[in-house]
Amino acid sequence: MTVPPKATRVLLADDHTLVRRGVRLILDGEPDLTVVAEAGDGAEAVELARAGHVDLAVLDVAMPRMTGLQAARELSRRLPGLPILILTMYDNEQYFFEALKAGACGYVLKSVADRDLVEACRAAVRDEPFVYPGAERALVRSYLERLQRGDALPARAITEREEEILKLVAEGHTSKEIGELLFISAKTVERHRANLLQKLGMRDRLELTRYAIRAGLVDP
């Protein structure tokens with residue numbers, strides 16, 4: 001596709017085709033923004049971003065295989081110069097702070113994407129934070145400064161690997177399938193799952209799945 005001169009090349013990741021289509025219409029309607037790649041899950045988004053030729057990643061939170069937050073962490077490690085926006089239906093402070101911690105520079109609600117998304121994309125390209133109305137920009141700057149100083153941050157309830165396994169368990173994958181997806185043994189998966197049950201005080205897959213839904217790892 002032909003990209004307008006100096007247009008910001010956007011990677012858009014959302015597992016709902018209709019959402020991607022609507023967001024694409026918003027972004028492609030601007031002369032300085034153009035969607036050049038689309039992904040249906042977080043893992044595909046990471047692959048496309050690593051292939052190059054994108055200036056900005058816009059990621060949904062709840063996606064199959066790898067969530068937007070997991071993808072943001074991976075992209076922040078592998079492509080530290082790539083700005084990342086989280087586009088979500090969750091008006092939730094916990095997700096907001098997790099997004100910042102994962103390396104995102106902005107957090108936009110889908111309900112007001114037609115109003116805020118273009119501004120958020122332009123802010124991200126200028127290396128400025130963007131947060132949905134109702135939260136203080138000063139709060140974002142303060143949090144980012146804490147990250148840069150290396151100050152102590154709130155501890156995660158579970159590790160990143162445990163989160164990956166929890167998501168796949170909640171999606172219904174077997175230990176063997178999870179092992180193949182993550183390149184680890186089924187026994188290692190079982191050990192992680194046992195640790196999750198003990199750490200979270202839960203008894204079975206059903207309770208883990210409910211937790212994963214509350215945590216935004218999978219859709220209800």
Side-chain angles (χ1 to χ4, degrees), residues 1-92 95-96 98-133 135 137 140 144 167 171 216-219:
M1 63 182 294
T2 303
V3 178
K6 297 184 180 178
T8 297
R9 298 166 298 183
V10 180
L11 162 64
L12 175 60
D14 194 296
D15 58 323
H16 294 100
T17 304
L18 286 176
V19 172
R20 291 203 310 271
R21 189 176 300 165
V23 173
R24 182 168 196 146
L25 282 172
I26 294 171
L27 297 181
D28 284 349
E30 300 297 321
D32 56 333
L33 299 169
T34 184
V35 176
V36 296
E38 293 187 30
D41 60 63
E44 185 184 4
V46 172
E47 291 171 9
L48 289 171
R50 292 187 66 197
H53 313 302
V54 298
D55 305 309
L56 170 67
V58 178
L59 310 174
D60 181 29
V61 170
M63 293 187 288
R65 290 208 294 166
M66 182 184 284
T67 69
L69 296 180
Q70 290 170 335
R73 292 188 203 111
E74 186 73 9
L75 289 173
S76 295
R77 280 194 290 259
R78 295 180 179 271
L79 300 169
L82 179 68
I84 300 167
L85 285 178
I86 296 297
L87 179 63
T88 178
M89 60 185 285
Y90 300 108
D91 186 358
N92 182 296
Y95 295 140
F96 167 63
E98 283 293 336
L100 292 183
K101 192 173 177 182
C105 60
Y107 190 93
V108 181
L109 296 180
K110 288 182 179 179
S111 59
V112 290
D114 57 335
R115 182 191 71 196
D116 291 342
L117 184 57
V118 169
E119 182 186 346
C121 288
R122 290 170 178 158
V125 172
R126 294 193 303 266
D127 197 26
E128 296 176 2
F130 181 91
V131 61
Y132 60 96
R137 287 178 185 266
V140 185
L144 293 175
K167 175 176 173 56
E171 289 178 349
L217 295 172
V218 294
D219 284 326

**Q.** Stepwise side-chain contact (heavy atoms from CB on, under 4.5 Å) test for Glu44 and Arg65
**A.** CA-CA 9 Å; Glu44 185 184 4; Arg65 290 208 294 166; 4.2 Å; yes
Q. Which is it for Leu85 and Leu56 under the side-chain contact (heavy atoms from CB on, under 4.5 Å) test, yes or no, and what are the steps along the way?
A. CA-CA 8 Å; Leu85 285 178; Leu56 170 67; 4.3 Å; yes
Q) Checking side-chain contact (heavy atoms from CB on, under 4.5 Å) for the pair Lys167/Thr67: CA distance, chi angles, key distance, verdict? A) CA-CA 8 Å; Lys167 175 176 173 56; Thr67 69; 3.6 Å; yes
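Separating the CG atom in Leu109 from the CZ atom in Arg115 is a distance of 8.5 Å, to the nearest 0.5 Å. Remark: Glu38 CD to Thr17 OG1 distance equals 8.0 Å, nearest 0.5 Å. A distance of 12.0 Å separates CG of Leu25 from CD of Glu30, quoted to the nearest 0.5 Å.
Between the Asp41 side chain and the Met66 main chain, no donor and acceptor come within less than 3.5 Å of each other.
Residues Ile84 and Leu75 come closest through the heavy atom pair CD1-CB, 3.9 Å. When all heavy atoms are compared, the tightest approach of Ala120 to Val108 is CB-CG2, 3.5 Å.
Among the candidates Arg21, Lys110, Arg20, the single residue satisfying the side chain to side chain donor-acceptor pair (under 3.5 Å) test with Asp14 is Lys110. Considering Thr88, Ile86, Leu59 as possible partners of Leu69, the one that fulfils the side chain to side chain contact (heavy atoms under 4.5 Å, CB included) test is Ile86.
Leu82 places a side-chain heavy atom less than 4.5 Å from the side chain of Val54. Residues Val23 and Leu87 are in side-chain contact: their nearest non-hydrogen atoms beyond the backbone lie under 4.5 Å apart.
With respect to the salt-bridge test (charged N to carboxylate O, under 4.0 angstrom), the residues Arg50 and Glu47 do not qualify.
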